[in-house]
Amino acid sequence: MTSLILREVRLVPLAAGDEVPAAPVDVLVEHGVVTAVGPALSRPAGVAEVRGEGRWLTPGLWDQHVHLAQWTLSSQRLDLAPARSPEDALRMVADRIALLPGQPVIGWGHRAGGWERDVTVSELDAVSGHTAVVLISGDGHHAWLNTTALMHLALPVRDAVIRETEWFAAYPRLATLAGHEGTSPEAFRRTLDAAAARGVTGIVDFEFGGGLDEWAHRWIHGCDRVRIRWATYAATLDEVIASGLRTGDLLPGCDDRATMGPLKIISDGSLNTRTAWCCEPYADAHRLEHPAGQPNQSGPELRELLDRAHRAGLEVATHAIGDAAVAEALAAYAETGARGSIEHAQMVNRDDVRRMAELGIRASVQPAHLLDDRDVTERIWGDRSARCFAFRWMLEDGVQLALGSDAPVSPLDPWLAIAAAVHRSADERDPWHPEQALTAQEALAASVDGHPTVGVGSLGDLVLLDADPLASHPDTATADAALRAMNVALTVVGGQVVHADLG
């Protein structure tokens with residue numbers, strides 16, 4: 001069934017000047033498209049009816065940056081987010097091994113960027129013995145392995161962490177250590193159901209190491225809850241080009257809810273790993289092999305990838321966190337004519353924001369990262385923090401914003417992302433650089449994949465909310481809490497209900 005009628009719902013305006021009815025209206029969806037909006041609409045025969053009872057209706061939400069298999073696996077991994085030092089992490093590993101002796105330990109979430117010293121393989125060996133241990137950093141850009149795990153994954157034995165390209169290449173081999181149980185279709189369905197319960201109707205999947213046929217397998221096993229755009233990496237680009245797939249085409253073995261996305265390029269590293277490529281050195285550059293970070297590809301290599309993808313009809317999503325990486329990526333887009341996005345754009349120069357707008361390149365940003373990165377940014381980038389998460393600049397200069405999570409780096413939760421973009425604080429402190437904040441309306445508009453306020457002709461991807469997301473509150477903390485706690489009463493994808501909590 002791809003048709004239904006929603007009774008007595010309030011439309012949420014997504015742009016300044018949008019006029020919506022003052023009173024609740026009915027919304028009719030037929031064959032996946034909104035065909036009528038107004039009071040007391042007639043219900044066609046065979047069309048399901050849902051009573052909104054004055055709730056608020058928006059277009060479906062999208063998470064524009066997810067590593068879906070890693071997010072699905074995260075609930076089964078040792079949570080290292082609470083570790084405030086190497087000693088904390090080592091203690092947590094020892095406790096896990098004592099609890100589950102002989103079982104490999106896969107950890108996720110420590111943020112070594114805030115630690116006072118570098119870690120070693122030998123100290124991890126001392127608490128783990130022959131049990132394989134892989135501790136993946138919270139930014140996903142490096143991993144701390146013990147010797148047993150290094151050997152199992154066919155990596156050269158060393159006494160330091162594995163970073164960037166070497167780690168990305170090794171990551172798919174983790175399945176030989178941990179098994180595939182965590183990424184079964186059943187596990188994916190649970191993940192997608194949880195996303196739908198937060199109002200998510202679409203996900204851009206940037207998982208590493210995936211093949212072209214993986215989503216076809218999941219689709220026939222019921223992983224068809226929300227829309228999927230699947231991204232390729234350089235390793236599978238030849239396969240995608242040979243198949244003739246272009247961005248927007250249906251993925252083989254799926255229906256029109258699963259389509260080909262962009263080529264993903266990781267052009268530099270991350271803040272916490274100190275590998276984001278910057279115009280100036282890090283404040284603690286004396287600790288680093290590369291004082292200002294470094295690119296993951298040479299200029300010619302980056303341009304060759306963009307050019308190949310563009311000529312094959314693929315958009316390009318270029319990860320660029322440091323300001324030097326953003327500038328270089330934009331130069332490559334300009335020279336090749338490629339289209340697509342800058343992923344993260346965490347630190348930018350104002351002229352590069354304007355250049356992004358001129359080129360029509362989207363800024364795919366993850367506001368919840370600013371909650372985690374606030375303190376380390378102040379420490380190692382100093383006054384450059386004024387140019388971080390520069391969402392207001394981007395809107396003022398005409399850049400299209402697209403919000404996401406980068407799950408599992410941040411939770412797959414659009415309301416957390418919206419709240420972070422608006423309030424820019426995770427604790428009792430004042431907002432961090434509030435001059436770069438968005439309004440709730442602007443953040444919501446950046447979360448719906450470019451769709452306008454619900455009206456006739458709208459896609460039948462809809463979210464019904466128990467509270468007004470644009471409501472005024474007496475103070476910032478209350479407003480932030482209200483957005484984070486937003487309850488989703490109904491999620492509809494293509495006219496099909498995929499989540500209901502109507503109480």
Side-chain angles (χ1 to χ4, degrees), residues 64-70 140-141 163-175 183 202-219 227-254 258-270 275 277 294-321 325-326 328-345 359-362 364 402 404 406:
Q64 299 283 348
H65 193 125
V66 178
H67 302 277
L68 200 54
Q70 292 186 65
H141 280 253
R163 291 184 172 88
E164 299 300 333
T165 304
E166 185 182 16
W167 167 239
F168 300 146
Y171 178 82
R173 300 199 292 275
L174 266 188
T183 54
I203 288 170
V204 181
D205 183 16
F206 284 116
E207 189 53 69
F208 302 115
L212 186 56
D213 59 348
E214 286 190 354
W215 270 106
H217 172 73
R218 294 178 190 137
W219 213 250
R227 298 185 188 275
I228 297 292
R229 290 189 193 125
W230 175 74
T232 182
Y233 284 78
T236 47
L237 180 58
D238 286 342
E239 178 187 7
V240 169
I241 291 175
S243 74
L245 281 175
R246 304 165 70 90
T247 295
D249 289 350
L250 272 61
L251 288 181
C254 304
T259 57
M260 187 67 219
L263 166 68
K264 172 70 180 298
I265 301 172
I266 304 178
S267 79
D268 75 336
S270 72
T275 47
W277 185 26
Q294 63 174 339
N296 286 329
Q297 300 90 18
S298 68
E301 288 171 337
L302 179 62
R303 286 157 177 76
E304 193 272 336
L305 281 171
L306 265 72
D307 184 61
R308 285 185 61 212
H310 180 54
R311 286 189 287 106
L314 295 169
E315 289 193 353
V316 182
T318 305
H319 163 121
I321 287 182
V326 171
E328 179 69 1
L330 292 174
Y333 278 112
E335 291 175 29
T336 61
R339 316 302 300 168
S341 64
I342 299 290
E343 300 294 318
H344 311 303
L359 293 171
I361 302 299
R362 294 186 306 279
S364 174
D406 199 12

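L251 has its side chain out of reach of W219: every pair of non-hydrogen atoms, C-beta onward, lies at least 4.5 Å apart. The shortest side-chain heavy-atom distance between L237 and L314 falls under the 4.5 Å cut-off. With contacts defined as side-chain heavy-atom distances shorter than 4.5 Å, the pair I266/H141 qualifies. The closest side-chain heavy-atom distance from H319 to D268 is below 4.5 Å. A heavy-atom distance below 4.5 Å is not found between the side chains of I203 and R227. Two residues are said to be in side-chain contact when any heavy atoms from C-beta on lie closer than 4.5 Å; Q297 and E304 fail this criterion.
Closest approach of A216 to G253, counting heavy atoms only: CB-CA, 4.0 Å. A pairwise comparison of heavy atoms in W230 and L212 identifies CZ3-CD1, 3.5 Å as the closest pair. A309 and L263 make their closest contact through CB-CD2, 3.7 Å (heavy atoms, listed as atom of the first residue, atom of the second, distance). The two residues A338 and V316 make their nearest non-hydrogen contact at CB-CG2, 4.4 Å. Considering every non-hydrogen atom in both A69 and E207, the closest pair reads N-OE1, 2.9 Å. I265 and L306 get closest at one heavy-atom pair: CD1-CD1, 3.3 Å.
For residues 229-239, the pairs satisfying salt bridge (charged side-chain N to carboxylate O under 4.0 Å, His left out) are R229-D449, D238-R308, with sequence neighbours left out.
Remark: the backbone N or O of G404 is not paired with any side-chain donor or acceptor of H65 at under 3.5 angstrom. Looking at T247, its side chain never comes within 3.5 Å of a backbone N or O of M260 through a donor-acceptor pair. One N or O on the side chain of D205 and one on the backbone of L68 form a donor-acceptor pair closer than 3.5 Å.
For the atom pair S267 OG and E343 CD, the distance stands at 10.5 Å (nearest 0.5 Å). Distance check: T336 OG1 to R303 CZ gives 8.0 Å after rounding to the nearest 0.5 Å. The distance from atom NE2 of H344 to atom CD1 of I321, rounded to the nearest 0.5 Å, is 5.0 Å. With rounding to the nearest 0.5 angstrom, the CD1 atom of I361 is 7.0 Å from the CG atom of L330. Taken to the nearest 0.5 Å, the SG atom of C254 stands 10.0 Å off from the CG atom of D213.
Remark: R339 CZ is packed, more than 12 non-hydrogen atoms of other residues, nucleotides or ligands lying under 6.0 Å away.
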Query - side chain to side chain donor-acceptor pair (under 3.5 Å) evaluation trace for E164 with T275 - result: CA-CA 8 Å; E164 299 300 333; T275 47; 2.4 Å; yes

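Taking the centre and axis of the six-membered ring of W167, the NZ or CZ atom of R163 falls outside the cone set by 45° and 6.0 Å.
Exactly one of R246, R362, K264 qualifies for a salt bridge (charged side-chain N to carboxylate O under 4.0 Å, His left out) with E315. That residue is R362.
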